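Written below as structure tokens is the structure these notes are about.
All ligand and atom numbering here is 1-based and tracks the order in the structure. Treat the numbers as computed from the prediction; the structure is a model and nothing was measured.
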Amino acid sequence: MLAPECRRRRICHTHEGGNHVVQLSLMMDKLAFSDTAAIVSLSRSVGWDYTPEDVCVFLSAGVLFGYRREDGHLVSSAGVFTYGNLASIGVVMVHPDFQGRGLGRAMLRRCLDEVGPVPTMLVSTAEGLRLYTSLGFKTVAHIHKLISKGSLQWSSEPACRGCIANLSDTDLMDVVLLDERVMGANRSRFLTSRFPLLHSGVALRSEDGVLYGYGMAVRRQDLLIIGPLVAPEHVSALAMIRQLTDGWDGSVRIDVPSHQAILLDSLVRLGMHEEERPPILMLNGHSLPGQRESLYAIAAQAFG
Ligand SMILES: CC(C)(COP(=O)(O)OP(=O)(O)OC[C@H]1O[C@@H](n2cnc3c(N)ncnc32)[C@H](O)[C@@H]1OP(=O)(O)O)[C@@H](O)C(=O)NCCC(=O)NCCS
């Protein structure tokens, strides 16, 4: 861990602008809720579409760092989410005007200082891969990012063992415990901060009331994003997706781990197509912890 006096770091760069040589002085800072609009705007600059709600969940569930110019303008960000014995890194963005000057590397080092030697995962874009591998991260699996152009094309109702009901706040404690078993890490901060923002949520319980599956979906503009999704097997996973998307006639996105081949086939038959297959990278560990065979969709690439 860094001593508090080392937490703000300054980077000086010489930048050739027109005929002038401008000395850029950038300061790394811990980000706060007052930076929400700046983080949303930074995401647009790298072609991403974070909403203020997404950013509020990032700030509630983790710690975000970023570089500011002397006038306070935010030019980069990186976030770390600690779940006890596992950490996830995300929200890594450097404004295009400031890329290739070491900001990404310095922010990553700051995030890694924050978590110490615990296993740390991230889902990498093609652009980030060189940075992460140079820091020692190794690929352990892949995520299939699936999108539908319109609503899902159900030809039959997926049968399901157990009873699916809408998720309510009384389910939350059980959800945190089930999620911990599946992820091998306690994500209560993330789950409780996402819960109020759900478009839809489902709980799958056995006849005697034991929770053995749950699913969440959030809306981002015209897209419904499903995840996390935990289920005992793929038919129950499909039945939960059916309920999560009930009444939604727009596009759907779901990020499925590569070991869920049967669900992936079913989703393609429902009209989804694979847009990307980004790698999951890890540092300080060789495989993801927990009972991952029950994880059918991740929450978002930042949260793992
Ligand atoms: C990926 C990203 C965060 C890197 O930040 P950065 O400040 O430009 O990176 P750095 O200057 O610290 O460089 C780190 C390494 O990444 C490499 N790199 C930087 N930008 C790159 C790019 N656009 N494509 C490929 N490699 C790149 C550099 O070559 C450098 O390696 P080196 O030191 O061995 O030369 C930045 O390009 C970005 O914001 N991209 C868009 C959003 C994104 O994809 N984020 C990653 C999410 S997982």
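Remark: Phe81 engages Phe303 in a ring-ring contact (aromatic ring centres under 6.0 Å, His included) (not counting sequence neighbours). With sequence neighbours excluded, the residues satisfying salt bridge (charged side-chain N to carboxylate O under 4.0 Å, His left out) with Glu274 are Arg277.
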field: Worked verdict on Thr125 versus Glu276 for side chain to side chain contact (heavy atoms under 4.5 Å, CB included)
entry: CA-CA 9 Å; Thr125 59; Glu276 283 172 17; over 6 Å; no
Report, one line per pair, each donor and acceptor closer than 3.5 Å where one atom sits in a side chain of residues 218-227; sequence neighbours left out.
{"unit_1": "Arg219", "atom_1": "NE", "unit_2": "Gln221", "atom_2": "O", "d": "3.0"}
{"unit_1": "Arg220", "atom_1": "NE", "unit_2": "Asp54", "atom_2": "OD2", "d": "3.0"}
{"unit_1": "Arg220", "atom_1": "NH1", "unit_2": "Asp49", "atom_2": "OD1", "d": "3.1"}
{"unit_1": "Arg220", "atom_1": "NH2", "unit_2": "Asp54", "atom_2": "OD2", "d": "3.2"}

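At a heavy-atom cutoff of 4.0 Å, ligand 1 is surrounded by Val46, Trp48, Val92, Met93, Val94, Gln99, Gly100, Arg101, Gly102, Leu103, Gly104, Arg105, Val123, Ser124, Thr125, Glu127, Gly128, Arg130, Leu131, Tyr132.
In plain terms, the two heavy atoms of Leu204 and Cys160 that are nearest each other are CD1-SG, 3.5 Å.
One finds a salt bridge joining Arg68 and Asp35 here, because a Lys/Arg side-chain nitrogen approaches an Asp/Glu carboxylate oxygen to under 4.0 Å.
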